[in-house]
Peer 1: 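For reference, the structure I am asking about is given below.
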Amino acid sequence: METIQKRAEEGISSELALVQAAKKGDLEAFSDLVRRYDRNIFRIAQHITHNEEDAQDVVQDAFLKAYQNLDQFQGNSKFYTWLVRIAVNEALMRLRRRRNDRTVSLDEDVETEDGAIPREVADWAPNPEQLYGTSELGDILKKTIQGLSEGFRTVFVLRDVEGLSTEETAEMLGLSVPAVKSRLLRARLQLRERLAKYFKSKRGGDGRQ
Amino acid sequence: MKCKDFLNELTDYLDGRISESLRMELDEHLHWCHECHVVMNTTKKTIEIYRDNELYELPNDLRNRLHQAIMTKCKKSQDSKKTSR
C-alpha cells in the first residue's frame, strides 16, 4: 500500500506511467497493473472457459505474456484493451484444448438466424431477481450465459458485463464493428429468450388474452 | 416501421446511440406495438441483471496466490532475459 500511495504522491500513478516504468524493468509498477485488472481478467476468463482452473491459468499466462511483450505495446490503444485481447486468445486456446482440439473460432455462428427473432413476448415479473435467492439466481444466470456460443458470449461479456465500447470490443476480438453489433444483438436476444422461462410474470399478462 | 426494423435498431436504441429522428420513430412504434415494448424492456432488464450481479468474483486468498505466482514468473522471465544478454 505504501508503494501505491507513494506513487500517487509522485504523480506517476497513471496507467501509461506504470506501463513505461514496467517496460524499463520496474516490477512494482507491473504489480500495480496486475492489481488493477486481475479481477476483470479472471471474470472474462471464467465466462469464456466455464472452468475455474482454466481461468486461473489464463490470468497467470495473460499477465506473464503481457509482461514479456510489453515492448510490443505501442500505447496507441489502452493497456487494458491490449491485455484483454491477450487474455481472450489464451481463454479460447484453453477452451479448444478441453474440447479435444475442435476448432473454436470467433467466426463461427455468424450467419445463423437462431434467436434473432423473439418468440417469447410475455412480460416479466416487476422485480425478476427477487423471485430467487442470490445463489439460485447466480446459478440461473451462469447456466443461461454458458448456453450461448463462444462468439456471442464473448461479445456480450466484453460489451455488456465489462462495459467496453463496441469499437474497443471489435479491436480486441479482431472483428468489424458491424459484426460486433450483430453478435451483440443476437446474444442479448438469446439470453432474454432463455431467461424468460425463469422471470416471466406468473400472472401471464402479455396483454393478448 | 415494422417489428423487424425495430429489432434491427434495438441494440443502438438501448445503448442510446441513435439520432433524435430515429429515436422518435422507434418510440412511435413502441407506443402501439406491445410485443416490441416487452422485448425492449426485457432485453434491457437482461443486460441490467448481468451487469449488476457479479457472477465470478475473485476471492481475496486466490487473488493473492495468483498475484504472487504472476510476479514470481515475471521476475524469472526478467532474470533469464538479463542472463541471456
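Within every chain, numbering begins at 1; the chains are lettered A, B, ... in the order of the sequence lines, protein sequences first and strands thereafter. All values below come from the heavy atoms of this structure, side chains included, with hydrogens, waters and symmetry mates left out.
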Peer 1: For chain B, which of A:Leu141, A:Val161, A:Val34, A:Leu27 has the most heavy-atom pairs under 4.5 Å?
Peer 2: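 Greatest number of close heavy-atom pairs with chain B: A:Leu141.
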Peer 1: Which of the residues B:Glu57, B:His37, B:Arg51 is involved in the greatest number of heavy-atom pairs with chain A at under 4.5 angstrom?
Peer 2: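 Option with the top pair count is B:Arg51.
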Peer 1: Does A:Lys65 NZ have over 12 foreign heavy atoms under 6.0 Å away?
Peer 2: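 Incorrect, the count does not exceed 12.
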Peer 1: Minimum heavy-atom separation for B:Leu62 to A:Glu52, with atom names?
Peer 2: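 Result for this residue pair: CD2-OE2, 3.6 Å.
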Peer 1: Determine whether B:Lys73 and A:Asp61 make a side-chain contact, defined as any pair of heavy atoms from C-beta on separated by less than 4.5 Å.
Peer 2: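 Result yes, sub-4.5 Å side-chain heavy-atom pair found.
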Peer 1: Can you sort out the partners of A:Phe42 under ring pair (Phe, Tyr, Trp, His ring centres under 6.0 Å), two or more places apart, ordered by chain and number?
Peer 2: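 For A:Phe42 there are no ring pair (Phe, Tyr, Trp, His ring centres under 6.0 Å) partners, ignoring immediate neighbours.
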Peer 1: For chain B, which candidate among A:Glu162, A:Gln56, A:Glu120, A:Arg159 shows the most heavy-atom pairs at distances under 4.5 Å?
Peer 2: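 Answer, by heavy-atom pair count under 4.5 Å with chain B: A:Gln56.
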Peer 1: Can A:Arg188 and B:Thr43 be counted as having a side-chain donor-acceptor contact under 3.5 angstrom?
Peer 2: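 B:Thr43 and A:Arg188 do not have a side-chain donor-acceptor pair below 3.5 Å.
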Peer 1: Can you tell me which portion of B:Glu48 sits under 4.5 Å from chain A's heavy atoms? Options are side chain, backbone, both or neither.
Peer 2: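 Neither part, no heavy atoms under 4.5 Å.
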Peer 1: Which atoms of A:Ile145 are under 4.5 Å from chain B, going by heavy atoms: the side chain, the backbone, both sets, or neither?
Peer 2: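 Contact with chain B: backbone and side chain both.
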Peer 1: Within a 6.0 Å radius of atom CD on A:Gln146, are there more than 12 heavy atoms belonging to other residues, nucleotides or ligands?
Peer 2: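 Above 12, so yes.
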Peer 1: Is it the side chain or the backbone of A:Thr134 that comes within 4.5 Å of chain B heavy atoms, both, or neither?
Peer 2: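 Neither part; nothing is under 4.5 Å.
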Peer 1: Of all residues at least two apart in sequence or in a different chain, which pass the ring pair (Phe, Tyr, Trp, His ring centres under 6.0 Å) check with B:Tyr56?
Peer 2: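 By the ring pair (Phe, Tyr, Trp, His ring centres under 6.0 Å) rule, B:Tyr56 matches A:His47.
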Peer 1: Checking B:Asp12 against chain A: side chain, backbone, both or neither under 4.5 Å from a heavy atom?
Peer 2: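 When you check distances to chain A, only side chain atoms of B:Asp12 fall under 4.5 Å.
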Peer 1: Picking from A:Val157, A:Thr166, A:Leu195, A:Asp139, which has the most non-hydrogen pairs under 4.5 angstrom with chain B?
Peer 2: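 Of the candidates given, the most pairs with chain B belong to A:Leu195.
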Peer 1: Are any of the side-chain heavy atoms of B:Val39 and A:Leu189 separated by less than 4.5 Å?
Peer 2: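 When only atoms from C-beta onward are counted, A:Leu189 and B:Val39 do touch, with a gap below 4.5 Å.
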Peer 1: Grab the two heavy atoms, one from B:Ser77 and one from A:Leu64, that are nearest each other, plus how far apart they are.
Peer 2: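 So the two residues come closest at CB-CD1, 4.3 Å.
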Peer 1: Counting heavy-atom pairs under 4.5 Å to chain A, which of B:Ile49, B:Leu14, B:Leu58, B:Leu66 comes out on top?
Peer 2: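 Option with the top pair count is B:Leu58.
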Peer 1: Of all residues at least two apart in sequence or in a different chain, which pass the side-chain contact (heavy atoms from CB on, under 4.5 Å) check with B:Lys76?
Peer 2: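 With neighbours one apart ignored, the set is empty.
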Peer 1: Just how far is it from atom CZ of A:Phe30 to atom CE of B:Met71, taken to the nearest 0.5 Å?
Peer 2: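 Going from the CZ atom of A:Phe30 to the CE atom of B:Met71 covers 6.5 Å.
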Peer 1: Counting heavy-atom pairs under 4.5 Å with chain A, which one of B:Thr42, B:Leu55, B:Thr46 comes out on top?
Peer 2: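 Maximum pair count with chain A is reached by B:Thr42.
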Peer 1: Identify the heavy atoms of B:Leu7 and A:Pro118 that sit nearest to each other, and give their distance.
Peer 2: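 For B:Leu7 and A:Pro118, the tightest heavy-atom pair comes out as CD1-CD, 3.3 Å.
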Peer 1: Do the side chains of A:Asp160 and B:Tyr50 get nearer than 4.5 Å, heavy atoms only?
Peer 2: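 Answer no - side chains too far apart.
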Peer 1: Is the NZ atom of A:Lys23 crowded by more than 12 outside heavy atoms at less than 6.0 Å?
Peer 2: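 Atom NZ in A:Lys23 is packed in, count exceeds 12.
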Peer 1: So if I take each residue of residues 16-28 of chain B and look for any heavy atom under 4.5 Å from a heavy atom in chain A, which residues do I end up with?
Peer 2: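 Within residues 16-28 of chain B, the residues under 4.5 Å from chain A are B:Arg17.
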Peer 1: Which one, B:Leu10, B:Asp15, B:Asn41, leads in non-hydrogen pairs under 4.5 Å with chain A?
Peer 2: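 Most heavy-atom pairs under 4.5 Å with chain A: B:Asp15.
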Peer 1: B:Lys75 versus chain A, heavy atoms under 4.5 Å apart: side chain, backbone, both or neither?
Peer 2: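 The answer is both parts of B:Lys75.
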Peer 1: Between B:Arg65, B:Glu54, B:Lys4, who has the most heavy-atom pairs with chain A when the cutoff is under 4.5 Å?
Peer 2: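 Most heavy-atom pairs within the cutoff with chain A belong to B:Glu54.
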Peer 1: Decide yes or no for A:Arg35 and B:Arg63: does some side-chain heavy atom of the first lie under 4.5 Å from some side-chain heavy atom of the second?
Peer 2: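 Of all side-chain heavy-atom pairs linking B:Arg63 with A:Arg35, at least one is under 4.5 Å.
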Peer 1: Looking only at heavy atoms, what is the nearest atom pair of A:Gln60 and B:Ile70, with distance?
Peer 2: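 So the minimum-distance heavy-atom pair works out to CA-CG1, 3.8 Å.
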